[in-house]
Structure formats: C-alpha cells, structure tokens
Amino acid sequence: MPIFLWGYALTEADINRNFIYGLLVLHFLIYPAINGVYAYFDGRKGVVYGLRNVKPASKFTLIISLLLLFVGVYLSTKINTAYFGVVISLVVLSFLFSHPSTGIKTKPFYAILTLALTYGLLGFIAGWVCAFDLKSLLNPFSIGGALSSAGFAGGLYTLSLVYRISEDSNLTGSLFIEKLGSAATFKFSKIILLVSGVIATVVIAAKFTLYELIGVIIYFLFGFIGIERFEKNFYLQKEWQNYKTVVSINLTNSILLSIYLIFRILMVNYLFID
C-alpha cells in the first residue's frame with residue numbers, strides 16, 4: 001500500500017473517485033489474487049504466511065485467486081485506461097514470475113527485476129495514474145519517485161524471503177534466494193535500500209516540507225539499524241523466528257508509511273498543505 005500511496009501523494013492531487021477505487025482494486029483484489037496464484041505454483045509447505053505446517057495451496061486456492069483477478073481486471077476498466085494497462089502488466093509479470101516453466105523465480109537477477117517492476121514501479125504508476133496521465137509522469141521528481149519505489153520493492157521483497165534459507169530451512173532449489181545466499185541477500189538489500197532511500201529523500205526535499213524531510217531521514221536511519229540487527233541475529237535463529245522478524249519489519253514499514261502518506265494526502269485534500 002505505501003508504494004501506491006507514494007505515487008498518488010507525489011501528484012499532490014485532491015482525493016477523488018479513482019484514488020479510492022484504485023486503492024481498493026489493487027490491494028483487495030489484484031494483490032491477494034496474484035499472491036494466491038504464486039502460492040499455488042510454489043507448492044510451499046511449512047512456514048507460510050505466519051502459519052506453521054501448512055500444506056501446499058490447492059486448486060481451490062487457484063480458482064478463487066483467478067476469480068479475484070477477473071473481478072479486479074474488470075473493475076480496473078472502470079477507473080481509466082492507464083490504470084487498466086498497469087493492472088494487466090502487473091498480472092502478466094506476476095504470472096511469469098510464479099509459473100515454474102519460465103524459471104524466472106529461480107534466477108536472482110530476473111527474479112529481483114520482476115519483483116521490482118511488479119510491486120514497485122507498477123504499484124507507483126498505479127497510484128499516479130489515478131490522478132494524472134502517464135505523460136505527466138515524465139519529470140525528474142516523479143521519475144525519482146518511481147525509481148525509489150522499484151528499489152524499495154526489490155530490496156524489501158528480497159529481504160523478506162531470506163527466512164527461507166535459515167539454518168533449519170528445507171531448501172528446494174525453486175527460489176532465487178537459495179542461489180543468492182544469506183550474505184549476498186543482506187548486502188544487496190542494504191545497498192539497494194540505501195540508494196532508493198537517497199533518491200526518495202531528494203524527492204521529498206524538493207516536493208514536501210522540511211519537517212517531513214527530517215522525519216523521513218530519521219525513519220530511514222532506524223530502518224537500517226533494524227536491518228543490521230536482523231542480520232546479526234539471523235544466523236542464531238530458526239526459520240520460524242526469522243519469519244517473525246521479517247513479518248515485523250514488513251508490517252511496521254507498511255503501517256507507518258501508509259499512515260504518514262494517507263495523512264499527507266488528506267492534508268493536501270483539505271488545503272492544510274500547499
């Protein structure tokens with residue numbers, strides 16, 4: 001949700017119908033659906049979405065996910081053409097990533113690139129086009145926002161999968177994180193998150209208030225401290241403990257950034273912020 005909100009916040013537009021519908025379609029239909037499709041093709045057992053000893057996703061999961069996708073894609077046509085195009089692109093990329101025949105999710109470079117484009121770049125553009133057209137995206141600050149979104153998605157998504165290569169994990173060779181390894185995962189995530197954070201900070205410095213800039217810098221610093229602490233504890237913890245750490249990082253990041261961005265969008269809407 002933060003990436004969609006980040007895209008919309010940078011437009012500095014008032015809250016409109018497209019924003020509400022776009023937010024609901026993407027986060028309550030499209031994202032849950034593509035996660036369900038991924039779970040089906042992944043065939044993951046053990047620790048899945050916070051539950052232990054979970055059986056692989058069934059065909060029922062796939063059917064429900066496809067129904068949600070159909071509804072989501074249909075409703076996206078009611079928003080605007082650009083949003084529909086983003087949704088179609090997102091669905092296609094997610095299928096390419098999920099289906100084992102493509103081999104994308106087993107190759108680090110292609111897997112991370114696909115995740116960055118799917119959840120980062122397209123998520124940002126989805127928020128942007130709820131206010132403006134694609135042509136208006138071609139300016140330095142919106143491009144910076146889009147690039148930072150891709151970097152954050154690629155870095156955080158990669159980091160969130162590191163629990164699957166814990167000391168007691170059952171490795172299957174079916175996911176890129178196993179080839180990347182824990183040391184490279186932490187190193188890559190920290191580098192890409194640092195670069196993305198710098199880009200986002202520059203955009204905020206140019207577009208938002210000084211108080212917001214200071215707050216975001218402090219938030220990023222605490223975030224990096226948290227990742228450093230996770231890396232130190234990773235090798236001492238079991239898969240279940242590492243999974244809980246990953247969930248904590250993701251939830252904290254998502255909730256705090258979403259609250260901030262929703263608050264900012266509301267302030268712009270009611271003219272408390274120019």
Full working for side chain to side chain contact (heavy atoms under 4.5 Å, CB included) between Phe124 and Leu137: CA-CA 10 Å; Phe124 176 89; Leu137 188 61; 3.7 Å; yes
Kindly assign one of parallel, tilted or perpendicular to the pair Phe70 and Tyr74, based on the angle between their ring planes and the thresholds 30° and 60°. parallel
Phe41 and His99 aromatic ring geometry - parallel, tilted or perpendicular at 30°/60° bounds: tilted
With a 4.5 Å cut-off on side-chain heavy atoms, are [Y] and [X] touching?
X: Leu10; Y: Phe208; answer: yes
X: Phe230; Y: Val246; answer: yes
X: Thr158; Y: Leu180; answer: yes
X: Ser248; Y: Thr252; answer: yes
X: Tyr31; Y: Leu90; answer: yes
X: Phe97; Y: Ile34; answer: no
X: Phe19; Y: Leu5; answer: yes
X: Phe4; Y: Cys130; answer: yes

Indicate if [X] and [Y] have the same hydrophobic cluster label, given that clusters are the connected sets of ILVMFWY residues with side-chain heavy-atom separations under 4.5 angstrom.
X: Ile192; Y: Ile225; result: no
X: Leu236; Y: Trp240; result: no
X: Trp6; Y: Tyr211; result: no
X: Tyr243; Y: Leu251; result: yes
X: Leu210; Y: Ile218; result: yes

Any donor-acceptor pair under 3.5 Å from [X] side chain to [Y] backbone:
X: Asp133; Y: Ser136; result: yes
X: Glu231; Y: Glu228; result: no
X: Ser76; Y: Val73; result: yes

Trace of the side chain to side chain contact (heavy atoms under 4.5 Å, CB included) decision for Thr102 with Tyr110: CA-CA 11 Å; Thr102 65; Tyr110 294 109; over 6 Å; no
Contacts satisfying salt bridge (charged side-chain N to carboxylate O under 4.0 Å, His left out) that involve residues 28-40 (not counting sequence neighbours) are none
Contacts of Thr11 meeting side-chain contact (heavy atoms from CB on, under 4.5 Å) (sequence neighbours excluded), chain-then-number -> Tyr8, Ala13, Trp128, Ala131, Phe132
Residues in side-chain contact (heavy atoms from CB on, under 4.5 Å) with Lys187, at least two apart? Ile191
Among Leu134, Thr81, Ile125, Ile30, find the residue that satisfies the side chain to side chain contact (heavy atoms under 4.5 Å, CB included) test when tested with Val86. Ile125
Among Ile79, Thr77, Val129, side chain to side chain contact (heavy atoms under 4.5 Å, CB included) partner for Phe84: Thr77
Between [atom1] of [X] and [atom2] of [Y], what distance do you get to the nearest 0.5 Å?
X: Ile177; Y: Lys105; atom1: CD1; atom2: NZ; result: 13.5 Å
X: Leu117; Y: Ser94; atom1: CG; atom2: OG; result: 12.5 Å
X: Ile143; Y: Ile199; atom1: CD1; atom2: CD1; result: 11.5 Å
X: Ile249; Y: Ser254; atom1: CD1; atom2: OG; result: 13.5 Å
X: Ile255; Y: Met1; atom1: CD1; atom2: CE; result: 10.5 Å
X: Thr118; Y: Tyr157; atom1: OG1; atom2: OH; result: 9.0 Å

Under a plain distance cut-off of 3.5 Å, with no hydrogens placed, do Asn80 and Tyr21 share a side-chain donor-acceptor pair? no
Return the minimal non-hydrogen interatomic distance between [X] and [Y], and the atom names on each side.
X: Thr61; Y: Gly36; answer: CG2-O, 3.9 Å
X: Leu261; Y: Ala9; answer: CD2-CB, 4.1 Å
X: Gly155; Y: Ser189; answer: O-OG, 3.3 Å
X: Glu12; Y: Val268; answer: O-CG1, 3.6 Å
X: Thr114; Y: Leu93; answer: CG2-O, 3.8 Å
X: Glu239; Y: Ser166; answer: CA-OG, 3.5 Å

Kindly check if the number of other-residue, nucleotide or ligand heavy atoms within 6.0 Å of CZ (Phe28) is above 12? no
Check whether more than 12 heavy atoms from other residues, nucleotides or ligands sit under 6.0 Å from atom OH of Tyr235, and answer yes or no. yes
Verdict with reasoning, Phe109 to Phe176, per ring pair (Phe, Tyr, Trp, His ring centres under 6.0 Å): CA-CA 8 Å; Phe109 176 79; Phe176 74 94; over 10 Å; no
Kindly indicate, with the supporting measurements, whether the criterion side chain to side chain contact (heavy atoms under 4.5 Å, CB included) is fulfilled by Phe95 and Leu69. CA-CA 11 Å; Phe95 265 96; Leu69 270 183; 3.5 Å; yes
Assess the residue pair Tyr163 and Gln237 against the criterion (side chain to side chain donor-acceptor pair (under 3.5 Å)); give the C-alpha distance rounded to whole Å, side-chain angles, the decisive distance to 0.1 Å, and a yes or no. CA-CA 10 Å; Tyr163 79 94; Gln237 299 180 154; over 6 Å; no
Determine whether Phe234 and Phe186 satisfy the following criterion, side chain to side chain contact (heavy atoms under 4.5 Å, CB included), listing intermediate values before the conclusion. CA-CA 10 Å; Phe234 176 80; Phe186 280 106; 3.9 Å; yes
